[in-house]
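These figures come from a predicted structure and were not determined experimentally.
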Amino acid sequence: MKLDSKIPDGPLAEKWDKHKFDMKLVNPANRRKYTILVVGTGLAGGSAAATLGELGYNVKSFCIQDSPRRAHSIAAQGGINAAKNYSNDGDSVWRLFYDTIKGGDYRAREANVHRLAELSVNIIDQCVAQGVPFAREYGGQLDNRSFGGAQVSRTFYARGQTGQQLLLGAYGSMMRQVDEGRVMMYARREMLDLVVVDGKARGIIVRNLINGKIESYSGDAVLLCTGGYGNVFYLSTNAKNSNATAAWRCYKKGAAFGNPCYTQIHPTCIPQSGDYQGKLTLMSESLRNDGRVWVPKNKGDKRAPDQIPEVERDYYLERKYPSFGNLVPRDVASRNAKAVCDEGRGVGETGLAVYLDFSDSIQRLGEADIKEKYGNLFDMYERITGDNPYQTPMRIYPAVHYTMGGLWVDYNLMSTIPGLFVLGEANFSDHGANRLGASALMQGLADGYFVIPYTLADYLATNTFSKITEDQKEFTAATQEAKSQITKLLSINGKKTVTEFHRELGKIMWDHVGMARNEKGLKYALKEIPKLRDEFWQNVMIPRDGDSLNKNLEFAGRVADFLELGELMARDALLRNESCGGHFREEFQTPEGEAKRDDKKFTYVAAWEYAGKDKKPILNKEPLKFENVHLSQRSYK
């Protein structure tokens, strides 16, 4: 497999502008001749469909939920980064670029990250024009707050509902195009396969989740905007519908999978309360602006937090990282929380939690001020735990949140399959080995609003497209393959539920491919996951009905893919003999317990190629070149 990143020549700050000028355009009168299939309606998919519809393309948009408003982007809480420097504290496009490269532990492309930083300023203007109700200061200017991994305030926010408000902005713009007839909306469809004709992505196979019908749709390009694969761990902050099936089926059709082992653990989640819990709930990273993280200094101290005097508290992030304090990046905060709990200083019934305490901020600013910033988050925490965080510290613990890996794409966001573009969290491109907080929304909207309109036009203008119909052999074969897997799943008639298999996989993944990894554990995972997969295909129990709404059947197909993806993640983690960002190998750390990279051997993107059923995947490498930043040991002290 040949990997061509297509990074433009020239100075870093001029690459994107030069590239935009060099790319071919599609005449406005010709755009209606092209049909674009957009899979997913979160921030990346919603913004792409809205923008392409506005430009005049014929767009078909596919949504797994009953409404695009329920896309998982709605769950993002804390904010969106942009280098506006409204706080006048020294921010700039270059500083955002540098913070993002450093935050990703120098495992992302310089050109992609700089483009993201450039476009960040446009995103805010776009969203304000759409009516997104960002928080404002007394004088009317948009307010900012701090997030981990930065020493400036660059995060725009709408209380703890930023993702929801941004999604409503994109949704409103997209629905305008639906009303105009330029976007066709297909709800409750799950993509099951990609159709490749003459080497190009030309269609998709979906299942209607209401009546079970297998449907096929053709087009001139496919935009995959289906999010990440964090639910491979079973317990994560992702919605239960979030899955990897669309991306995984594209991988099996020839799209390379980039850096699958890069998983982000979020440090600010409500701890697991029982073995049969189905998902975890995120508390925004923005809470670390005003909340102080601490644990008792003494092991086994089970006193109530208000009974532990100040002198017996360990504010360990402030102690270890005086420059950044509680606002260190997510991977650093997560590993330190795990470390103090492993020492026996964790709090709560399980001992797997640390305190996030707002008493100092409430005393300094007043409860009303804290409520104005975080009120809905505090209400959510109280409903789930029964504790009032205005009166007693929150208990938090790290959990799986986001995946930096995804389908490999070039600078134009195109995968190794021509015509298959991948946007947002579904691609690998901008975050390296660790995503800074408030950067996911930034990437999704940059890809959809400002990158894909140019790069897609260039692809359409420089290629010829044969006329195709859904009754061609490629569509028929893909449809039959999708039906065959459903028939096979329904015929097993085993004794274990889909949830039982998913929970077992999740435990293997969390224990051995999770927050900390080592060679022994990864080899164990690579031995156990195939065993579990074999058992799944012999003993899974699914109600025998594929012609109607069947949630068990839906989840079974997704777990089948997770059982394959989990093995690839473990394989990728085992071969990367270094620690970087969210990939923490216990064998490779500094004396202070920080991630220790090996830049001589591992400064590359791992792009895995599917080799066929029961065959080992092929590792391809895209070297990463750093011409504008100096590779150094990450330090937040």
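Within the 4.5 Å cutoff, the side chain of Phe562 has heavy atoms near those of the His502 side chain.
The side chain to side chain donor-acceptor pair (under 3.5 Å) search around His19 returns Asn412, not counting sequence neighbours. For Asp331, the salt bridge (Lys or Arg N to Asp or Glu O under 4.0 Å) criterion is met by Arg335, Arg634, not counting sequence neighbours. Residues forming a side chain to side chain donor-acceptor pair (under 3.5 Å) with Ser334 (at least two apart in sequence, or on another chain): none. For Ala247, the side chain to side chain contact (heavy atoms under 4.5 Å, CB included) partners at least two apart in sequence or on another chain are Leu224, Leu407. Listed by chain and residue number, Leu526, Ile529, Pro530, Arg533, Arg571 satisfy the side chain to side chain contact (heavy atoms under 4.5 Å, CB included) test with Glu567 (two or more places apart in sequence, or in another chain). Applying the side chain to side chain contact (heavy atoms under 4.5 Å, CB included) criterion to Ser439, with sequence neighbours excluded, gives Asn81, His431, Arg435, Leu436, Met442. Tyr234 is linked by a side chain to side chain donor-acceptor pair (under 3.5 Å) to nothing, counting only residues two or more places apart in sequence or in another chain. With sequence neighbours left out, Thr603 forms a side chain to side chain contact (heavy atoms under 4.5 Å, CB included) with Arg107, Asp599, Leu624, Phe626. Listed by chain and residue number, Ser236 satisfy the side chain to side chain donor-acceptor pair (under 3.5 Å) test with Asn231 (two or more places apart in sequence, or in another chain). Shown here are the ring-ring contact (aromatic ring centres under 6.0 Å, His included) partners of Phe501, two or more places apart in sequence or in another chain: Phe536.
Using a 4.0 Å cut-off between charged side-chain N and carboxylate O, Glu578 and Lys601 make no salt bridge. Salt bridge absent: Glu592 and Lys637 never bring a charged side-chain N and a carboxylate O closer than 4.0 Å.
Every pair passing ring pair (Phe, Tyr, Trp, His ring centres under 6.0 Å) that includes a residue from residues 319-339 is listed here, sequence neighbours excluded: Phe324-Tyr636. Every pair passing ring pair (Phe, Tyr, Trp, His ring centres under 6.0 Å) that includes a residue from residues 87-118 is listed here, sequence neighbours excluded: Trp94-Phe97, Phe97-His114.
Glu118 and Trp16 form no side-chain donor-acceptor contact under 3.5 Å, judged by distance and modelled atom types alone.
Ring geometry for Tyr251 versus Tyr610: interplanar angle over 60°, hence perpendicular rather than tilted (30 to 60°).
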Side chain to side chain contact (heavy atoms under 4.5 Å, CB included) between Leu116 and Leu119, intermediate numbers included: CA-CA 5 Å; Leu116 179 63; Leu119 294 176; 5.8 Å; no
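Ring-centre distance between Trp608 and Phe257: not below the 6.0 Å cut-off.
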